[in-house]
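Structure, as structure tokens:
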Amino acid sequence: TTPPSTGDDLVFFVNGKKITEKNAEPEITLLTYLRRSLGLTGTKLGCAEGGCGACTVMVSKYHPHQNRIIHHAVNACLAPLCSLHHCAVTTVDGIGSVASKLHPVQERIAKAHGSQCGFCTPGIVMSMYALLRNNPRPSMHDIQEAFQGNLCRCTGYRPILEGYRTFTKFQDGGCCGGKGQTNGCCMTNGHIQEHVNKLYDQSEFMPLDPTQEIIFPPELMVRIKLPQRELRFVGERVLWIQPYSLKELLELKATYPNAKLVVGNTEVGIEMKFKNLLYPVILAPAYIPELNIIQHTQDGIQVGASVTLTVLGDMLRAAVKKLPAHQTEVFEAVLEQLRWFAGQQIRNVAAVGGNIMTASPISDLNPVFMAAGCKLTVMSKGKRVLEMDEKFFPGYRKTILKSEEILLSIEIPYTRKGQYFSAFKQSPRKEDDIAIVTCGMNVLFKEKSNIVQSIRISYGGMAPVTVLATATCNRLLNRQWNEELLEQACTSLAEEMSLSPSAPGGMVTYRRTLTISLFYKFFLTVQHKLGVTVEDVRPEYATATELFQLDSPSSVQLYQAVPPGHNNDDVVGHPIMHLSALKHATGEAIYCDDIPCYENELHLALVTSIKAQALIKSIDTSDAMAVPGVVAFISAKDIPGSNLTGPVVYDETVFADDKVTCVGHIVGAIVADTQAHAQRAAKDVKISYEELQPVIVTIQDAIANKSFYQPVRSIERGDVAQGFKDSDHILHGKMHIGGQEQFYLETNCTLAVPRGEDGEMELFVSTQSASKTQALVAKALGVPANRVVCRVKRMGGGFGGKESRSTILSTVVAVAAHTVKRPVRCMLDRDEDMLVTGGRHPFFGHYKVGYMNNGRVMALDVTFYSNAGNSLDLSLSVSRALFHMDNSYNIPNIHGTGYMCKTNLPSNSAFRGFGGPQGMMIAESWMSDVALSCGLPAEEVRRMNMYKEGDFTPFNQRLDQFTIDRCWEECMQLSDFNKRKEAVEQYNRQHRWTKRGLSIIPTKFGISFTAVFLNQAGALVHVYSDGSVLLTHGGTEMGQGLHTKMVQVASKTLGIPCSKIHITETSTNTVPNTSPTAASASSDLNGMAIYNACQTLLQRLQPYKDKNPKGCWEDWVKAAYFDRVNLSANGFYKTPDLGYDFDTNSGRPFNYFSYGVAVSEVEIDCLTGSHKNLHTSIVMDVGKSLNPALDIGQVEGGFMQGLGLFTLEELRYSPDGYLYTRGPGMYKIPSFGDIPIELKVSLLRDTPNEKAIFSSKAVGEPPLFLAASVFYAIKDAIIAARAESGLTGPFRLDSPATPERIRNACEDKFTKLCPPADPGTFTPWAVQV
């Protein structure tokens, strides 16, 4: 039967306002509808896959079954508009605004400095808001759980948790402000009172009043209680049917056997978007009573297939509380898996039935259900009950249900006495992550004995389906639970759970080891629970049975407060809030894609290459042009100017012309009326290729093929050959450091508006380089730069990723706008952004180091290879690695060489630290090798080799105002290093399967652009006749607080309050020829330029001050205006005495250095490779801080990005150069749960820096490397684990130290059972680039 041409009306409420949508489109998400149809741009798009939480909103609905209103945080990017019939949606725009009244949730995150770029803030605000609507006095644990599905890339999370801790029952763990928590008060713990200055005043916070919230619309209550009928929504390609009875559903499923059942859309939404699948009919069974049942039967609890994971969790928790412990072993295991299942927003909507029917091989719950032998009720005309066993999943993502059948319910069984059940999940990151291996393990003993009566072990992640280890289980029947059984089980599992060395997902050795290690954990757990019948677990093994607990974090921030002065308007040195913070928290801050659409605006989608190295034979666009709404296909032939482009040398093209050199190379673009149409058409463009060889992907490929960019740089000092001769010992080593995606929460975005005369064009871009964007767009359009204006209001994060790579999108959008003569907009989806833009350079280093018996390093020869990708981009500047190859150590004879590898990957680019962290990481690698070889404590060897005041670096720059030794001493004290070290050693003596490690790492970071000409800046200051000041400068705001600091500088210089000064945006028509906002130097450069302009204005105003000394600022300005004085001034600054020459190894590359030291302590699980960050202390020298709140924010944020770089984030490429990790699902940046449980940050006191504005220092990049202290603490813990197996001496540990690398390095009897396949005998799934 053909559905009616028009569908039903969709009725729902948004922020208390009724919406009746006559043509609801099933393919549209709530997010698109909010942003495009309703113009509510507070809710942001961060990933479109439910992985980052930027789009979080609250959905409220009345539940007739439970007779109550429930409030849930959900991901608007996945929620289909059609699923919201009779719901009430609350967005960040609806709970408060700067213009009217803030909500306490918005106020507290802003005032606690919990927003930097502000792009993730609306989502975090809404997660917290939804939590408070359900629970006005939450515990810290509730808050941490609510944020599992939210990511932030700027702040390092600590200030967010701290600001929101003020809502908890006890405000547990925060600073008591000296109100006398005697035991844990930071003031009584030997810290001098004056140090403790809060970065904000908690007493100013508005109280939370739950009675003032938006009510649930009474009209919906009335409507929901009426009898419901089936709803139909008809879209362009999809029919959405929402039945209200089981009978209707079964009839529909018989009529449309291929229809998909959708409750939360957390799987189907992903498939339709990323796997290009189309489901023409969707059935929404969320409201069918039979599918929502929860009832206790005599064997267990029966749960309807539409029940969400959140409801399932609540119900199981209640059962565990009520029933005796021996009955609830399976319930406990399901709850343990649910703790780490996606994030709260997904659990709130995802149905248990969807989880089973998706049949994912790495499902978190299916192995538990399979090991428990859960009973599934399925139904078509009749009912049948199936047991979930090895036959249930016949193949990849398939179940044995017939096409007309639906899953009605699942019965989760009770356990009985003598039965034990455990579930485990191992993933790269603890929170919201896809599993590597999951398992459920179930054993039943004969009555009152330790003899196995039955056992079921189920694994996910070990085959294309969830499997049972049947052979192993059969071997264990009727055996005693002892060491002998363990040994046999391990050998048997190693054999039965084999994996092909090229299995999808990679990590083969690790996965095979995990199957055994996790069984061992189960073995110990059961041994412990059996108690009387067997001897208990040895005390040093006990920690292997403990479940992972997330402690509530605590922190201290120390800075030097400005002594109270006479001038209240001077706010330099005060921790004032980011000027946009309140707007971030209310969603009123406007980002590039929040600009309202122009009337005739079009949307653009990129068409990219799927081959790494190939000739383009032909492009067929006929199918694409047939998609509704498509206006044009744009390619190289449409470029009016030059197709050549590139930030330094023109070695790239705007569009690939005849050849592609990486997967993701931009070949063309589709322009259409909506983003959805453009993206659909872009997928329909058919390109035929002729593949070329060789495809060079990895650094090793490049070395083998001698594929390098010129020049090869080197720095040498002293006599290296002689240095090696004089050394007692020489060692060699290698290290690989993986790349890193910037993962700014706001992807690249450009809006181009052609002005229609003289080739003029206005661009709104999310970029760190307005001038470079202007220049390259002008080049592509073939017009002079004075016809192109580039405007940047703010970015949702940049981190270097928008310094040069943003132009690959801007040029394309500008050419398209020029071609169709209409405004064109494009905000990349996360997967496109990760694919086309490149990231931090992967590095490979090998070194030879000569040292004395006491650990003094005499000579070093190091070679760096960086993977630059398919164009030069900024890779030359990444030679910063050579300037940092010594880190903070004085090596008398040193030689370093740097090669840039030319490969078939998207061009790598700038990322916070810019080669510096990679160079220093390799330095710390040889330092730790030397300490291990000498058998000396690493901290002593590091201290002995450190620079002193007045020493010279390898590039012959003298170290003045050298503070690293002060940072070191203070950090040792702050972290209580020696006491901590004794405790770690004692812990390691008492525990076999968990080990702790401790490390202290210094950093020295050179401040300046290594390209001399970039060290300049301009500013323009207008004073209007009413006394208000408009400030513009060459720097852009991406969350680092640059505009806030610049207003502080202008305020101090002019002697007027900040409230009189405003910065509206950065644009190329106010300050020309600006340098990119990068290299940590923006405050230094732009601050001096603003100072210079303000001084000019002060000189012009001086005569009027002299005439009227009692007058105020406004009087002097008016007087000057009436006297016809120019009240506008431009300022300029260039850093003096810079200019290094590689050929002569002379000249100063850096204006000064920023210093810091960090101590970190970690605990690793030797069986799974997971680690916990227990403690970090950081002491940072930032001169005299312009704004301690912003600077501490930069230190913590940089540290957390480094933590990601060195322990979590892994970009995975196939051997053909295809990127697998294209979003937060596969690519893991640190989450709330990854911050050190105890974090202390101190800004070094009394260290003015005369080389920069108001004695401050740069702070953006230097702290990132301090996260290496976590990496080397992990290495320290691994050393302790290896010692248990009799392994000593240096070993190679590549970065990042993922669970896989940690586990494989902790060699033991289990790893021996899973030897890796010989390289060269197979094609791996992923390669180390």
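From a predicted model like this one, the values you see are computed outputs, not experimental measurements. Counting from 1, the numbers follow the sequence of the chain as shown. Hydrogens, waters and symmetry mates are skipped; everything else that's a heavy atom, side chains included, is used.
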Inset, instruction - State, to 0.1 Å, how close Asn908 and Asp873 come at their nearest heavy-atom pair, and which atoms those are. - result: O-OD2, 3.6 Å

Legend entry - Nearest atoms (heavy-atom pairs only) where Ser909 meets Leu874: OG-CD1, 4.2 Å

Inset, instruction - Taking the six-membered ring for Trp and the single ring otherwise, decide whether the centroids of Phe883 and Phe1142 are under 6.0 Å apart. - result: yes

Legend entry - Sidechain-backbone polar pair: Ser1214 side chain, Tyr1218 backbone, donor-acceptor under 3.5 Å: yes

Legend entry - His1033 side chain to His1043 side chain, donor-acceptor N/O pair below 3.5 angstrom: yes

Inset, instruction - Would you please say whether a donor-acceptor pair under 3.5 Å links the side chains of Thr807 and Ser810? - result: no

Legend entry - Set of salt bridge (charged side-chain N to carboxylate O under 4.0 Å, His left out) partners for Arg830, sequence neighbours left out: none

Legend entry - Passing candidate, side chain to side chain contact (heavy atoms under 4.5 Å, CB included) with Leu809, options Asn748, Val765, Thr767, Thr837: Asn748

Inset, instruction - Any pair with a residue in residues 782-792 that passes side chain to side chain donor-acceptor pair (under 3.5 Å), sequence neighbours left out, goes on the list, sorted by first then second residue, please. - result: Glu762-Arg791, Arg791-Glu1065

Report, one line per pair, each donor and acceptor closer than 3.5 Å where one atom sits in a side chain of residues 661-670; sequence neighbours left out.
unit_1: Thr661; atom_1: OG1; unit_2: His665; atom_2: ND1; d: 3.4
unit_1: Thr661; atom_1: OG1; unit_2: Asn870; atom_2: ND2; d: 2.9
unit_1: His665; atom_1: ND1; unit_2: Thr661; atom_2: N; d: 3.0

Legend entry - Non-neighbouring partners of Asp833 that pass salt bridge (charged side-chain N to carboxylate O under 4.0 Å, His left out), sequence neighbours left out: none

Legend entry - Listed partners of Cys52 passing side-chain contact (heavy atoms from CB on, under 4.5 Å), at least two apart: Cys47, Ala54, Leu151, Leu745

Inset, instruction - State whether the side chain of Gln1040 and the backbone N or O of Met1038 hold a donor-acceptor pair below 3.5 Å, judged by distance alone. - result: yes

Inset, instruction - Quick one: list whatever passes side-chain contact (heavy atoms from CB on, under 4.5 Å) with Gln679, sequence neighbours left out. - result: Lys273, Ala605, Gln675, Asp829, Glu832

Inset, instruction - Would you kindly say whether Thr1036 and Thr1066 are connected by a side-chain donor-acceptor distance under 3.5 Å? - result: no

Inset, instruction - If the plane angle is over 60° it's perpendicular, under 30° parallel, otherwise tilted; pick one for Phe708 and Tyr899. - result: tilted

Legend entry - Ser642: partners by side-chain hydrogen bond (donor to acceptor under 3.5 Å, both in side chains), with sequence neighbours left out: Lys779

Legend entry - With sequence neighbours excluded, residues passing salt bridge (charged side-chain N to carboxylate O under 4.0 Å, His left out) with Arg825: Asp593, Glu601

Inset, instruction - Using the test side-chain contact (heavy atoms from CB on, under 4.5 Å), find all partners of Lys902 that sit at least two apart in sequence or belong to another chain. - result: Ser707, Tyr709

Legend entry - Counterpart residues, side-chain hydrogen bond (donor to acceptor under 3.5 Å, both in side chains), relative to Ser635 (two or more places apart): Lys637

Legend entry - Electrostatic pair Glu1209:Arg153 at N-O distance under 4.0 angstrom: yes

Legend entry - Straight-line distance of Leu776 CG to Thr645 OG1, nearest 0.5 Å: 4.0 Å

Legend entry - Thr903: side-chain hydrogen bond (donor to acceptor under 3.5 Å, both in side chains) partners, not counting sequence neighbours: Asn867

Legend entry - For His884 against Gly1006, the heavy-atom pair lying closest together: NE2-N, 3.1 Å

Legend entry - Ser766-Lys802 side chain donor-acceptor pair, cut-off 3.5 Å: yes

Legend entry - Partners passing side-chain hydrogen bond (donor to acceptor under 3.5 Å, both in side chains) against Ser907 (at least two apart in sequence or in another chain): Ser871

Legend entry - Ring centre gap for Phe1150 and Phe1153 strictly below 6.0 Å: yes

Legend entry - Within the 6.0 Å centroid threshold, strictly below: Phe799 and Tyr744: no

Inset, instruction - Measure the acute angle between the ring planes of His736 and Phe844, then classify it against the limits of 30° and 60° as parallel, tilted or perpendicular. - result: tilted

Legend entry - Donor + acceptor pair across side chains of His841, Ser866 (<3.5 Å): no

Legend entry - Minimum-distance pair of heavy atoms, taken over all atoms of Ser1080 and Ala1258: O-CB, 3.1 Å

Legend entry - Pairing of Lys44 and Asp594 as salt bridge, 4.0 angstrom limit: yes

Legend entry - Cationic tip of Arg794 above Tyr591 ring, under 6.0 Å, 45° of axis: yes

